[in-house]
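A short worksheet on the structure shown next.
Numbering of ligands and ligand atoms starts at 1, following listing order. Note that the structure is predicted; figures quoted are calculated from it, not measured.
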Amino acid sequence: MGINLTFLGHAGFLLSDGKHTVAIDPFLTDNPVATMTPEDVHCQAIVVTHGHADHMGDTVAIAKANNATVFGANEIAECVGSQGITTEPGNPGGKIAAEFGWVAFTQAFHSSSYNGQYMGMPCGAMVHLGGVTVYHLGDTTLFGDMKLIGEIYQPDIALIPIGDRFTMGPELATRAAELVKPKVAVPMHYRTWPLLLQDPSGFTPKGMEVKVLEPGETWQYQ
Ligand code: NI
Ligand code: MN
């Protein structure tokens, strides 16, 4: 049991257990740090945390090319579902069973719209496959229930935004990681544009490994 985790740059990741591949927030077109194109992504499922363009990204194109199922908040599912894509709508609090394992959405303190259209509640996403639980925090600031979420789901890996301004910066992200208590914390949502923090060195949570991934890099966990 184990997974390969590929960083697509910004907040995008691919999780693969060798049999199934799940993409999270696959934003590649117009992503200045991306090393892959949407055509390079082969997956059965796509999880979208919220509607902003740097997270919806290439979801529709990749879903169409791969006949992949999109997991997202109800409004996101309606939006992509109207374009002929198979969806699994959800919202914070519920668990969605999948062929590869399951997805559960958690709360995030942020906003969520696409081309001016309301996209429901912004979410974090808990994704379980290959016996590994990955918590993608989405775009969010710090909140105390991260501790509770960590206790309930006991994620192995947490993908944590550190880029500041629109999400937590390194100081708050360090506190977030220490509340969630994953085995490994991976910083994300930084360095993509000049507006975001460029350097992950201030992200220093105690009691876990910090794994810094470069865009395009694949890391094998377990
Ligand atoms: Ni956002
Ligand atoms: Mn974002």
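When the shell of 6.0 Å around CD of Glu171 is examined, it contains 12 or fewer heavy atoms from other residues, nucleotides or ligands.
Scored by the salt bridge (Lys or Arg N to Asp or Glu O under 4.0 Å) test, Glu39 finds no partners at all (sequence neighbours excluded). Partners of His128 by ring-ring contact (aromatic ring centres under 6.0 Å, His included), not counting sequence neighbours, listed by chain and number: Trp102.
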Under the side-chain contact (heavy atoms from CB on, under 4.5 Å) criterion, do Ile24 and Leu15 qualify, and how do the steps go? CA-CA 8 Å; Ile24 308 177; Leu15 318 180; 4.0 Å; yes
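With 2.8 Å as the limit, His55 does not count as an N, O or S neighbour of the Ni ion (ligand 1). Between the Ni ion (ligand 1) and Asp139 there is an N/O/S contact shorter than 2.8 Å.
Classification of the His52-His110 ring pair by plane angle, with boundaries at 30° and 60°, yields perpendicular.
Hydrophobic clustering, defined by side-chain heavy atoms of Ile, Leu, Val, Met, Phe, Trp and Tyr closer than 4.5 Å, groups Met36 together with Leu8, Leu14, Leu28, Val41, Ile46, Val48, Met56, Val60, Ile62, Val70, Ile76, Val80, Ile85, Tyr114, Met119.
Between His55 and His136, a ring centre-to-centre spacing not shorter than 6.0 Å is recorded.
Around the Mn ion (ligand 2), the protein atoms of type N, O or S that sit closer than 2.8 Å are Asp54 OD2, His55 NE2, Asp139 OD2, His189 NE2.
The closest approach of His52 to the Ni ion (ligand 1), by N/O/S atoms, is made by ND1.
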